[in-house]
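Reading through the structure tokens given below for one structure.
All heavy atoms count here, side chains included; hydrogens, waters and symmetry mates do not. This structure is a prediction, so every number in the text was calculated from the model and none was measured.
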Amino acid sequence: MAKYSNKRSRSSVNMSIRQQERNGAMKPLDPEAPKCYADIAPRGPQGVKNQVVGLLIENGEGGLVIPDPSFKETNFGPVRIEKNNLNGAPFKMTVVCEILNPTSENRDYRGKIVEVLGDMGNNDVRMLAVMRQFGLSQTFPDMVMDEVKDLPVNPDPEVITKEIEGGRHDLRDLLTITIDGEEAKDLDDAISIEKIPGGNYKLYVHIADVSHYVREKTALDDEAFLRATSVYLVDRVIPMLPPKLSNGLCSLNPNVDRLTMTAEMLIDENGITYDGNVYESVIRSDRRMSYLETYRILTEPKESDEAEYGPIVPLLSEMKILADILKNMRDGKGAVNFDFPEPKILLNEDGSVRDIMPYPINMCNGIIEQFMICANEYVAERFASMNYPFVYRVHESPDTMKIAKFCTVARNFGATGRLSGKLTPLMISEYMSTIKDDDARPMLDTVLLRSMAKAKYAPDNLGHFGLASKFYCHFTSPIRRYPDLYIHRIIKSYIHEEKKRRHFAGLVANVSNHSSDMERNSVEAERASNAVKMAEFMSDKIGERYLGKITSIIGAGVFVMLANTVEGFIPFRTMSDHYIFDEHSYRAIGSRTGRKLTIGMDAPVVVAAVDTDMNRIDFVFQEGFESGTSRSAKSSTGHAAFGRRKMKTLAKKRGKKHRRSF
């Protein structure tokens, strides 16, 4: 029986190998890189510093630690371990090594072993290594657990009554549902909707009132701040809050009372929110729905649905109508819609990989996304209009020089017009619509994304360019994101007239900066865990054939992504022709054949080498591809005799033995 990865669905790009290239795993040392490890900021919630995780190998009477590829090669090299600093650690094991001379100017690092994680062939050890690299811990400090141990499974009825008497809105009679992935356990948002006269809608977005339980100046809040986000590795979740809260008391499970914060919004037939309110509430979810279940009801209704789901069926229909209205409104403003494939990695009970596929997304994911965006915008605008201290989610306008470089690439794929002056989301959206090459469009989206600023948290409202929003925040996921929890605290303080404006004004910058740092750390950790499992999955597929698409081209070669989202690298040195890379057009041209390699083109490949230590996958082109004579209509599997020489050469250079003989 397969075990599914418990990963949230969100847009991201699988850049595991490309990330290694950026980090220097495929480059010579950068002369401008920091000269010592002391220049590197502490990693993750645990603030790990002066440590590396890597493979311990024998070196004379002592040892040598080869850092894991997730560490930047420009900053780390092998670490020498004297005999008396081995601390009994066996060789050929994954270890945590403390660097004793982190300020070494000649990069001659020496260290001592502080923890033995085990054999990297063990699935659990691989994930432990990722956790240590990024300063993550699955366990919570004793002080935190002491604070939550006496919390109930459900709110006491007396507490509910007291809260309602104190002004909390009682919405338990309102038809309310949650819609999440099948494996989700932390249900932090629920929806109610009413059609009102004039063709307008009243939308209720109910969010778990986590701040009711996570109070300032407690160990629980301190730990939530340090973590700042839940991290979704392939085989486990590193939660921001203890499971008793995240999966229990705060999760909006069906048929039980839950304390919530509700954004109630009035939306007209054009998708404009013209009025609303945000307040404390109590809900009782009527049903836990899944995306797949909801999709089936909306697209393939059955006669039995009415008996089984009752009023939920028409509720779902109204939700779909309103979500389409909101999406059309945002598309009209030029919201940038990136649609990147995210891997779904299916695991066996022992943690090994059963299969990899694109994460299934359907229109019901989009319904919930539209409602969450609507609530986030409303709350952000409400507090920005009062000039109240707040934590915004911002995405600044792109740099004009970077956009100009992007346009140079896009014109090679049929884009027409110009992007100049003060850019707006609508200008970019209209420009992208002129691209003629549909196959290249997803890859050009990736190039465009790299040309834009990264979204982050900030104490000042700078707008969200990608969403074409003047006001935006993260209000809807306080179970797994600290900024959401923190602005709930701000909102509740304002509602109760606590007059803490000055208090929050002195804290929102630190919350914003730290949360942005921890978000980046979590993204890198998630990518690293994906890279581990992808390399593991492909390690016994040497010689098998696949059809992929070229996703990126760099000076050293091309990246190809398979239909299952696994990405591999093809070095130019393994190709039959000599290719000249033009970075302005994202093309490589064969000097003898004139063969053009471009992003978006189909690429029949053979798995050439897999390095499970470096988490790298190499492909070679199938025979005949460079001359334009290969068959590439379908992907196929099996040994590829024509690629043996190239594959053996790659394996020899990597120092790895193939698991399959030829």
Side-chain angles (χ1 to χ4, degrees), residues 8-9 153-155 160 163-164 168-195 201-213 241 245-267 276-295 297-298 309-320 322-323 326 364-379 474-481 484-485 487-488 491-492:
R8 65 180 180 270
S9 176
V153 175
N154 297 309
I160 297 294
E163 287 290 319
I164 293 171
R168 190 177 286 266
H169 294 225
D170 188 353
L171 304 181
R172 288 176 291 180
D173 291 334
L174 192 64
L175 180 61
T176 302
I177 62 171
T178 62
I179 305 179
D180 291 274
E182 263 92 353
E183 308 97 39
K185 296 179 181 178
D186 49 353
L187 315 181
D188 49 14
D189 58 83
I191 300 295
S192 304
I193 187 172
E194 295 176 352
K195 188 78 176 288
Y201 286 88
K202 181 180 290 187
L203 172 65
Y204 300 83
V205 175
H206 314 286
I207 306 300
D209 188 358
V210 179
S211 62
H212 180 83
Y213 304 102
L241 301 171
L245 283 171
S246 60
N247 298 347
L249 185 57
C250 291
S251 185
L252 306 184
N253 301 324
N255 304 314
V256 291
D257 292 348
R258 285 292 184 264
L259 302 181
T260 47
M261 293 290 293
T262 293
E264 177 185 323
M265 296 153 286
L266 297 179
I267 304 169
N277 196 9
V278 58
Y279 49 79
E280 296 170 306
S281 56
V282 181
I283 69 163
R284 184 181 295 152
S285 173
D286 292 276
R287 187 157 186 144
R288 183 205 192 286
M289 303 289 291
S290 72
Y291 292 121
L292 292 178
E293 181 183 22
T294 303
Y295 182 78
I297 292 172
L298 290 173
Y309 297 98
I312 290 176
V313 175
L315 173 70
L316 294 177
S317 296
E318 293 295 349
M319 288 173 63
K320 173 67 166 60
L322 179 57
L326 291 169
C364 298
N365 298 77
I367 291 174
I368 297 302
E369 180 181 20
Q370 290 300 325
F371 295 162
M372 297 304 110
I373 292 173
C374 190
N376 289 333
E377 288 178 326
Y378 170 73
V379 171
H474 274 170
F475 163 79
T476 54
S477 294
I479 289 178
R480 63 180 178 87
R481 293 189 304 228
D484 306 52
L485 189 160
I487 66 173
H488 278 221
I491 294 168
K492 288 162 68 74

Minimum heavy-atom separation for [X] to [Y], with atom names?
| X | Y | answer |
| --- | --- | --- |
| Asp286 | Leu174 | OD2-O, 3.6 Å |
| Cys250 | Tyr213 | SG-CD1, 3.7 Å |
| Ala323 | Gln370 | O-CG, 3.8 Å |
| Ser211 | Lys492 | OG-CD, 2.9 Å |
| Ser290 | Glu182 | OG-OE2, 3.4 Å |
| Ala263 | Phe475 | CB-CE2, 4.1 Å |

For the atom pair CG (Leu175) and OG (Ser285), what is the distance rounded to the nearest 0.5 Å?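 Here the interatomic distance stands at 9.0 Å.
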
If you round to the nearest 0.5 Å, how far is CG of Asp180 from OG1 of Thr294?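 Rounded to the nearest 0.5 Å, the OG1-CG separation comes out at 9.5 Å.
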
Side-chain touch [X]/[Y], heavy atoms, less than 4.5 angstrom:
| X | Y | answer |
| --- | --- | --- |
| Arg172 | Ile164 | yes |
| Glu377 | Ile373 | yes |
| Leu187 | Asn253 | yes |
| Tyr291 | Ile367 | no |
| Thr178 | His206 | no |
| Leu298 | Cys364 | yes |
| Ile267 | Cys374 | yes |

Looking only at atom types and distance, does a side-chain atom of [X] sit under 3.5 Å from a main-chain N or O of [Y], one as donor and one as acceptor?
| X | Y | answer |
| --- | --- | --- |
| Asp484 | Thr476 | yes |
| Arg168 | Thr260 | yes |
| Arg284 | Val256 | no |
| Ser477 | Arg480 | no |
| Tyr378 | Asn277 | yes |
| Asp186 | Asp188 | no |
| Ser251 | Lys185 | yes |

Given Ile479, Val210, Asp209, the one that forms side-chain contact (heavy atoms from CB on, under 4.5 Å) with Leu485: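 Single side-chain contact (heavy atoms from CB on, under 4.5 Å) partner of Leu485 among Ile479, Val210, Asp209: Val210.
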
Contacts of type side-chain hydrogen bond (donor to acceptor under 3.5 Å, both in side chains), residue Tyr204, not counting sequence neighbours: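 If we apply the side-chain hydrogen bond (donor to acceptor under 3.5 Å, both in side chains) test to Tyr204, skipping adjacent residues, there are no hits.
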
Ring pair (Phe, Tyr, Trp, His ring centres under 6.0 Å) partners of His169, counting only residues at least two apart: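 With sequence neighbours excluded, His169 shows a ring pair (Phe, Tyr, Trp, His ring centres under 6.0 Å) to Tyr279, given in chain and number order.
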
